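Okay, structure first, notes after.
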Amino acid sequence: MYDSAFLLAQNAEPKWIARGLTTIDWCIIGAYAVGTLWLGWYYGRQQKSTREYFVGTGSMHPGLIGVSLFATLLSTISYLSMPGESLGKGPAYMLTPLGLPIAYLVVGYGLLPVYMKHRVTSAYELLELKLGLSIRMLGAIMFVLLRLIWMSLLIYKTSEALTVMLGVGPNMIPLIALITGAIAVTYTSIGGLRAVVITDLMQTILLYGGALTVLGVITWRLGGFGWFPTHWDPNWDTQPVFSLNPAVRVTIIGGILNYTTWLIATSGGDQTSVQRFMATTDVKAARRALGIQMIVSFVVAITLGLVGFALLGYFASNPDQLPKTMNLKEDADKVFPYFISYLLAPGISGLVVAAMFAAAMSSIDSGVNSITAVVMTDFMDRFDRSPKTEVGHVRTARWMAFGIGAFVVLCSSLVGQVPGNITTVTNKTANLLSTPIFGLFFFAIFVRFASPTGVWIGTICSTLVAILIAFSGPVSVMMGSTSTADPISFQWIAPVTLATNIVTGILGSLMFPNRQLSPK
């Protein structure tokens, strides 16, 4: 698979290779943490209203918002899973960004004009305007559950990766989770959305720079790009273009369909995304932000996939540098953090580890800020339970953000019980409710005859389908199967769930029309 020059390159380990993180690495990581806390304090001093706390000035630059959208959705989970996927499973997932143009057209021209017209703080306010209070509450509750699970998974997987870097046991995961979560929650609760967006830019630069650094180091040590695969590696799974067998873990068509559906659902129904669109001036600015997000997403996804190729090639050439307890197939998600901590020079390791912290914090801060916005707007404000003064309102929002973050840190250890690599676990847990939430907006915007009862039916049916597909392996065992393998791949969760939602929701609306709601 690799050329002869590549196989002969760098058999001897360089003498300057670091063994774990050094003092200078910790100084770099500490400086990054202090810098983010300072930014939170700086922007927190300037806030005078909860609207500014949640949507900034309402006229933020589309470039900043686009990068923030990207950083919000590409967390440490993606930062680790993309190299691990291309290293241990195959290259099919690198082709999923081919669905980006479709997502851009649907979100940019189908959804954003509606959202920007209403200029809401919480996306779920739109649902009450179209379908009544019960659907608004349903959307808000599902979003809170989704992001709590997502952030718990994020903190756990980040902490798990850091145990590899630090050379400590799994028993240290709770402590690492506490430190990581505390920093992100502190600057988020103080600084609001403006602090989140600015730090997202820093974090994106760090994480992308970290990936480029690893690519550059491996290419330099091996004397060129011989690490790039020219044949199908024996380490990879079979990944066909398409298969009628739903148990095939990843196909090219299935991967593109899954990613496109998820991206549309997240952009159109997730408060973390809608909140950022609201921070821009108008539809054109929001559309530019969306385009920047997708361009950055494409570039970074390809880069991280190449990092997986480079790591596979490096350890094929230098198998003695891989610990005997680590397997390229089963432990693919751990290879990237191991290389960062143990096979990079002092200082460089610190920068890349800071990038991992950055990726984690860029998603934790967004999740905490968005959940706080939903709780304040859709529950406290809606039912007149908020403080009467604007100062009290901001103070309550800050304390609520801190409390939400603390709760997530405590819950993070529970998600370690779900089997599979990072990509599989993420799709089975954190992305489980994304499509049913988007279904609420689909009916509110596009189905003129939609009724609350019909939408409830569609949501319940689609959520049940999502759960059954995600945990089809355990379900089949409960029904008497002797195989623990999933009979239906996680890649079908999003598209099948959306189809179920639309069909059952339409049928339910036809069967149970609501005469009190005026035609949409």
Side-chain angles (χ1 to χ4, degrees), residues 55-75 78-79 82 93-120 123 126 193-194 196-209 211-212 255-305 358-359 362-363 365-366 369-370 431 434-435 438 441-442 445-446 494:
V55 296
T57 61
S59 59
M60 299 188 74
H61 194 278
L64 276 177
I65 296 299
V67 172
S68 180
L69 280 164
F70 158 78
T72 297
L73 301 181
L74 191 135
S75 62
S78 305
Y79 198 60
M82 289 181 182
Y93 240 65
M94 292 177 66
L95 300 177
T96 56
L98 292 177
L100 286 173
I102 298 174
Y104 176 79
L105 291 175
V106 173
V107 176
Y109 292 91
L111 302 178
L112 286 184
V114 178
Y115 292 165
M116 298 305 294
K117 176 182 178 182
H118 292 281
R119 307 291 296 186
V120 294
L126 291 174
L193 185 68
R194 290 183 69 190
V196 169
V197 170
I198 297 299
T199 52
D200 280 350
L201 176 62
M202 295 169 45
Q203 291 154 355
T204 299
I205 293 171
L206 267 178
L207 70 88
Y208 188 63
L212 288 180
I256 293 173
L257 186 60
N258 175 57
Y259 178 72
T260 305
T261 305
W262 169 81
L263 186 57
I264 292 173
T266 302
S267 300
D270 194 307
Q271 172 68 10
T272 56
S273 296
V274 177
Q275 188 175 355
R276 277 154 179 74
F277 294 134
M278 294 298 149
T280 60
T281 54
D282 52 30
V283 175
K284 291 183 179 179
R287 200 174 286 143
R288 285 198 297 270
L290 176 67
I292 291 170
Q293 173 206 356
M294 294 190 173
I295 291 171
V296 176
S297 297
F298 176 80
V299 173
V300 174
I302 297 300
T303 303
L304 290 174
S362 66
S363 297
D365 58 23
S366 302
N369 189 265
S370 297
N431 296 335
S434 299
T435 310
F438 174 68
F441 290 88
F442 174 84
I445 295 173
F446 298 114

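Quick caveat, the model's predicted, so the values are computed rather than measured.
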To the nearest 0.5 Å, tell me how far [X] [atom1] sits from [Y] [atom2].
{"X": "I102", "Y": "L257", "atom1": "CD1", "atom2": "CG", "answer": "9.0 Å"}
{"X": "L111", "Y": "S267", "atom1": "CG", "atom2": "OG", "answer": "8.5 Å"}
{"X": "L290", "Y": "I295", "atom1": "CG", "atom2": "CD1", "answer": "10.0 Å"}
{"X": "T96", "Y": "M82", "atom1": "OG1", "atom2": "CE", "answer": "6.5 Å"}
{"X": "Y93", "Y": "N258", "atom1": "OH", "atom2": "CG", "answer": "5.0 Å"}
{"X": "I65", "Y": "Q293", "atom1": "CD1", "atom2": "CD", "answer": "11.0 Å"}

Shortest non-hydrogen contact from [X] toward [Y]:
{"X": "A494", "Y": "W262", "value": "CB-N, 4.4 Å"}
{"X": "T303", "Y": "A211", "value": "CG2-CB, 4.0 Å"}
{"X": "G99", "Y": "T260", "value": "CA-OG1, 3.2 Å"}
{"X": "L98", "Y": "P101", "value": "O-CD, 3.3 Å"}
{"X": "P97", "Y": "Y259", "value": "CA-CE2, 4.1 Å"}
{"X": "M278", "Y": "M116", "value": "CE-N, 4.1 Å"}

Side-chain heavy atoms of [X] within contact of [Y], under 4.5 Å:
{"X": "L263", "Y": "Y104", "result": "no"}
{"X": "I292", "Y": "F70", "result": "no"}
{"X": "Y208", "Y": "V299", "result": "yes"}
{"X": "V114", "Y": "F446", "result": "no"}
{"X": "T261", "Y": "F438", "result": "no"}
{"X": "I264", "Y": "F442", "result": "no"}

- Item | Contacts of S273 that satisfy side chain to side chain donor-acceptor pair (under 3.5 Å) - sequence neighbours left out |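 Checked S273 against side chain to side chain donor-acceptor pair (under 3.5 Å); zero matches.
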- Message: Quick one: does any side-chain atom of R287 pair with a main-chain N or O of G108 as donor and acceptor, under 3.5 Å?
- Response: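 Checked: pair present.
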- Message: Please determine whether side-chain contact (heavy atoms from CB on, under 4.5 Å) holds for the pair Y115 and I445, giving the CA-CA distance in whole Å, both sets of side-chain angles, and the decisive distance to 0.1 Å.
- Response: CA-CA 10 Å; Y115 292 165; I445 295 173; 3.8 Å; yes
